[in-house]
Amino acid sequence: MTSGLCSSIIPPMKRYDPKTIEPKWQQIWAETKLYEVHEDSDKPKSYVLDFFPYPSGVAMHVGHVRNYTISDALSRYRRLKGENVLHPMGWDAFGLPAENFAIKTGISPRQATDQNKAMFKQQLMKMGMSYDWTRELDSTDPKFYRWTQWFFTFLLERGLAYQKESEQWWCETDQTVLANEQVEAGRCWRCHNLVTKKTLKQWFFKITDYADRLLADLDDIDWPEGIKTMQRNWIGRSSGARATFAIEGHKDSLQIFTTRIDTIYGATFMVLAPEHQLLATITTPAQKAAVEAYTQATFAKSDIERMETDREKTGVFTGAYAINPATGGQLPIWVADYVLIGYGTGAIMAVPGHDARDQEFARKFDLPIIPVVRPVTGKPQEDPEYRQSIVAILRNPKDNTYLSINWGNQGGNIFIGGGRETGETAEQTALREITEETGYQHVKHVTTLPAEIEHHYYAHSKGVARRIDVVSMLFELTDTIQVAQALEADEAGKFTVEWLTEAEIAQKVTDELHLSSFQQLVQGQVWTGEGIMMGSGQYDGQSSAEAREAMLADFTKAGWATEQVNYRMRDWLISRQRYWGAPIPVIHCEKCGTVAVPADQLPVELPEISDYQPSGDGRSPLAKVADWVNVPCPQCGGPAQRETDTMDGFACSSWYFLRFADPYNDQAPFDRAKADYWLPVDTYIGGAEHAVMHLLYARFWTKVMADGGLIGFTEPFTALRNQGMILAPDGRKMSKSYGNTITPDEIIEQNYGADALRLYELFIAPYEQTVPWSVQGIDGSSRFLHRAWSLVQDAAAATGNAADHNGSAETRLVTVLHKTIRKVTADLESMAFNTAIAALMEFVNEAYKLKVELPIAPNAAIWQGVAETLTILLAPYAPHITEELWADLGHSSSVHSASWPAWDAALIIEDVMTIAVQINGKVRATVAVAPDATESDIIELALADAAVVRNLEGRTPTKTIFVPGKIVNFVVS
RNA sequence: GAGCGAGUGGUGGAAUGGUAUACACGACGGACUUAAAAUCCGUUGCCGCAAGGCUUGUGGGUUCAAGUCCCACCUCGCUCACCA
């Protein structure tokens with residue numbers, strides 16, 4: 001056949017039209033139940049889960065769907081690898097937005113939620129996500145929240161849920177209390193209005209009981225380090241001591257918490273939080289008015305004002321004194337708002353010598369500052385030589401600069417320093433060194449640090465390790481007359497004298513001893529680090545760490561101190577004064593007290609109401625529904641009232657991942673065998689914003705369930721991955737209010753289709769990186785799909801089986817294909833989707849070039865095999881087009897049920913290797929060699945290269961580095 | 001202020017200590033077209049006509065060899081923020 005005839009007979013190539021292909025396959029997948037999974041499989045299980053989304057009233061944008069695209073690609077890859085993949089989706093649908101919408105419009109939260117769910121699901125369906133929709137969950141479905149309520153009673157029975165009257169964050173706008181985690185810089189996390197405090201009787205979960213395990217188990221899970229750090233900081237474990245201080249003339253004593261019991265000899269006053277109960281009893285009549293005025297003023301301040309950290313310290317003396325149990329000394333007791341009632345005991349011993357806040361306070365109110373820890377700087381060395389030494393900082397008061405010596409490469413800028421000679425005072429040494437090294441003579445002593453610094457260093461110029469005790473002094477220049485320097489031989493000409501400003505010092509002086517001297521002498525900083533004890537009686541000379549242990553042991557024996565661990569984390573406030581949540585399943589009976597609703601009476605269903613306004617008295621709208629509130633007591637049958645608070649939405653998301661394992665169970669929240677089969681979640685994917693809330697709560701519930709024998713594991717999410725945010729093309733966050741959102745729907749509509757969108761979501765950057773969306777960028781993904789389509793369609797349509805073809809082109813094609821399989825496989829294992837897709841683009845580009853030498857039509861057999869592999873490699877990201885191509889290649893089963901291809905290492909070996917030739921580390925030439933060329937062959941070839949000869953300039957290499965397959969490096973002098 | 005992360009072309013980005021700038025966007029040139037779009041083929045870090053030289057935030061160090069490892073600094077992003 002001639003080519004002219006051919007083109008008139010062969011029908012034109014089938015056009016790639018995502019708009020017809022995508023809905024077609026979505027329907028077929030649903031009909032054939034392609035993504036439904038069951039436990040009865042001999043394949044290894046894998047559970048890939050997205051964070052539980054809240055279906056808001058605004059459609060998802062391309063940033064939201066990045067999360068689902070990543071997890072879907074991963075799920076599809078794992079299925080192809082032969083794993084039994086659970087990949088479910090559901091709705092975390094309780095919450096304020098739906099309720100506030102109801103208040104505004106009268107549309108019930110139920111109705112709004114159902115609409116939003118439908119919209120979100122529709123969006124995900126159009127994206128071709130491979131969820132097992134038979135397991136879809138809705139946390140607002142009574143069949144689901146029945147079990148959330150069941151867990152509440154489960155916690156109640158175990159003493160892990162309790163009720164307490166306490167002051168709590170209160171959002172006036174949303175008319176509800178908030179958990180600590182939900183207050184961000186003094187504002188409500190939902191409406192961003194300032195929050196206040198309100199005293200209410202509230203339900204709590206005792207998460208603090210699990211603080212140690214929540215901390216320790218972080219070590220064993222594969223989570224981003226940043227998230228683990230945030231959780232560690234949030235839990236905020238600090239171990240220290242609780243100590244009792246007697247109060248002069250009172251029976252009551254003062255309890256304090258400190259992590260630095262070693263500094264107790266340096267305590268010079270005590271501070272109570274303004275809310276501290278003892279204040280009323282210990283304040284003397286003379287100070288009463290002042291203290292009351294202070295506390296009143298404090299309470300009148302908003303919490304946001306009180307949380308300002310750069311505020312000047314304020315406080316008032318109470319007139320009372322405590323006795324330092326270690327020294328017997330008298331310590332004035334002050335009240336100040338920098339001490340927080342919620343942490344420790346709400347009272348501290350103040351050690352202004354070693355705590356920056358206490359020092360700031362002491363300076364302001366002229367209280368004594370006593371150092372009891374000598375600073376230690378530098379790294380201790382073996383067998384050090386001991387010397388006494390000085391650091392002298394000389395200020396020129398005229399322009400506020402400081403004299404420094406620049407040693408260049410030998411150590412940068414330092415101040416004047418030197419060893420003390422026998423019989424010399426520190427001040428004499430300083431004056432001598434200043435004159436010798438700089439020639440200045442007329443200076444006056446300003447101040448000396450009260451504690452000598454112990455410094456360890458290696459003196460390179462003398463070749464010895466040294467431990468020195470250093471007296472640090474500040475001098476001022478009285479006039480600028482200089483005499484000649486008198487330098488030691490090894491110092492002459494090696495340094496220059498420079499006058500530096502404070503800002504320059506911060507940049508240029510890096511020596512720990514000199515910088516620390518400057519910070520303490522000039523900037524008034526205190527030493528908060530470790531060191532050697534002084535002024536502390538029998539503990540003098542011990543390291544601060546040793547003293548901490550010794551004192552704790554001694555003081556514990558003496559009966560006035562005890563070891564104590566404190567957590568920053570508080571118990572989880574679970575009650576909310578809102579309608580749209582799971583009712584707390586509790587009934588208050590006058591006779592029986594607080595009674596849990598029995599399991600067989602669950603769920604406590606939300607009544608339908610028409611008025612969603614909060615009741616205005618700090619109770620939820622449910623309080624207004626009399627026939628729902630008034631019920632007989634489950635225990636005595638007498639008159640009783642239901643609890644009207646509902647649960648925080650985070651209760652639902654603390655266990656939903658277990659329900660996916662067994663979503664239809666009406667006897668239990670889940671069957672243990674099913675839960676133990678599917679869980680823990682293998683890969684959990686979502687944004688970093690849930691670092692401390694959901695992820696901490698879910699870990700807590702999992703541990704409670706494990707302790708209760710409901711499951712056989714203690715961590716819910718083995719691996720966690722955070723996807724980065726997609727910003728709008730303008731670089732700002734996508735937001736309805738900026739009008740810069742881009743939705744997946746509009747991109748699919750513009751004929752790009754879901755596959756191009758999915759591909760671009762993954763190609764745009766590494767998945768964890770924040771990146772602005774590029775409107776034109778998606779063209780590249782779309783073009784690539786069209787090119788892949790043409791290639792595979794050409795192969796599918798071809799029928800030839802040429803015997804006499806281009807063998808070297810075929811080898812090349814197979815080599816490139818197998819390299820691509822290897823690269824794509826490795827990249828998917830590490831979720832490097834962007835480079836996996838780049839490798840596929842390279843392969844298609846290469847195939848386009850090779851089909852010139854090895855035409856497709858007569859070589860159909862070769863190209864069809866290549867096309868099949870390419871189609872499978874592409875399937876995880878572009879599930880629709882690959883399904884269509886797979887069918888056109890003659891398959892009747894789904895490409896998503898195919899097997900992931902393996903690569904053959906033998907086929908990857910290239911027939912020519914390129915070796916770079918370096919001279920002194922610079923690439924000067926490349927040589928082409930056979931893969932089996934020996935080292936000496938290659939070196940000989942390299943030395944013969946014209947560019948190499950020219951650059952060697954007749955020199956003979958003194959050394960030759962050979963890295964097989966990579967480089968040859970000739971070292972010449 | 002503290003902790004964590006990141007600085008590579010015009011842009012998004014690539015690179016087990018071994019040929020920096022893969023892949024893509026954009027731009028430019030060409031083919032096809034009556035024309036445009038689409039498509040296909042090229043060019044594209046900087047300086048230079050070229051030979052060649054220079055280049056991964058800045059400065060230093062380790063190494064035969066540094067974007068990569070070490071030290072200091074600068075800038076940006078995120079998180080926490082008086083937690084004793």
In short, side-chain hydrogen bond (donor to acceptor under 3.5 Å, both in side chains) pairs touching residues 819-829 of chain A with sequence neighbours left out are A/Tyr77-A/Glu829, A/Lys81-A/Glu829, A/Lys819-A/Glu910, A/Lys823-A/Asp827, A/Thr825-A/Trp900, A/Asp827-A/Thr835
Residue pairs passing the side-chain hydrogen bond (donor to acceptor under 3.5 Å, both in side chains) test where at least one lies in residues 836-845 of chain A, sequence neighbours excluded: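 Sorted pair list: A/Arg787-A/Asn845.
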> Which of parallel (below 30°), tilted (30 to 60°) and perpendicular (above 60°) describes A/Tyr16 and A/His786?
Replying inline: perpendicular
inquiry  = Tell me whether the rings of A/Phe833 and A/Tyr877 are parallel (<30°), tilted (30 to 60°) or perpendicular (>60°).
reply    = perpendicular
Item to complete: Name all residues meeting the salt bridge (charged side-chain N to carboxylate O under 4.0 Å, His left out) criterion together with A/Arg237; count only those two or more places apart in sequence or in a different chain, and write none if there are none.
Response: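 Here the qualifying residues are A/Asp212.
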key: Residue pairs involving residues 258-267 of chain A (criterion salt bridge (charged side-chain N to carboxylate O under 4.0 Å, His left out); sequence neighbours excluded)   =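 Non-adjacent pairs meeting salt bridge (charged side-chain N to carboxylate O under 4.0 Å, His left out): A/Arg260-A/Asp262, A/Asp262-A/Arg548.
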The contact string for nucleotides 38-44 of chain B, one letter per nucleotide 5' to 3', using protein heavy atoms under 4.0 Å with B, S and - for base, sugar-phosphate only and none, comes out as -SSSS--
With sugar-phosphate taken as primed atoms, P, OP1 and OP2 and all else as base, the protein-contact string of nucleotides 47-54 of chain B at under 4.0 Å (heavy atoms; B, S, -) is -----SSS
Could you check whether A/Pro766 gets within reach of a base, just the sugar-phosphate, or nothing at all, counting any heavy atom under 4.0 Å?
sugar-phosphate
Among residues at least two apart in sequence or on other chains, which ones pass side chain to side chain donor-acceptor pair (under 3.5 Å) with A/His694?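 A/Tyr684.
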- Message: If the condition is side chain to side chain donor-acceptor pair (under 3.5 Å), which residues does A/Ser238 pass it with, not counting sequence neighbours?
- Response: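 Result, side chain to side chain donor-acceptor pair (under 3.5 Å) vs A/Ser238: A/Tyr343.
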Stems for RNA chain B (at least 3 consecutive Watson-Crick or G-U pairs, under 3.5 Å) come to B:1-7 with B:74-80, B:10-12 with B:23-25, B:26-31 with B:39-44, B:45-47 with B:52-54, B:57-61 with B:69-73
Residues in residues 961-969 of chain A with a heavy atom under 4.0 Å of RNA chain B, by number, are A/Ile961, A/Val963, A/Lys966, A/Ile967, A/Asn969
Within residues 829-839 of chain A, the residues having a heavy atom closer than 4.0 Å to RNA chain B are A/Asn834, A/Thr835, A/Ala838
For this session: With sequence neighbours excluded, tell me which residues meet side chain to side chain contact (heavy atoms under 4.5 Å, CB included) with A/Arg732.
Result: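 Per chain and number, A/Arg732 pairs via side chain to side chain contact (heavy atoms under 4.5 Å, CB included) with A/Asp730, A/Tyr738, A/Asn740.
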*Side chain of A/Val771: nearest nucleotide among B/G18, B/A84, B/G13?*
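The listed nucleotide nearest to A/Val771's side chain is B/G13.
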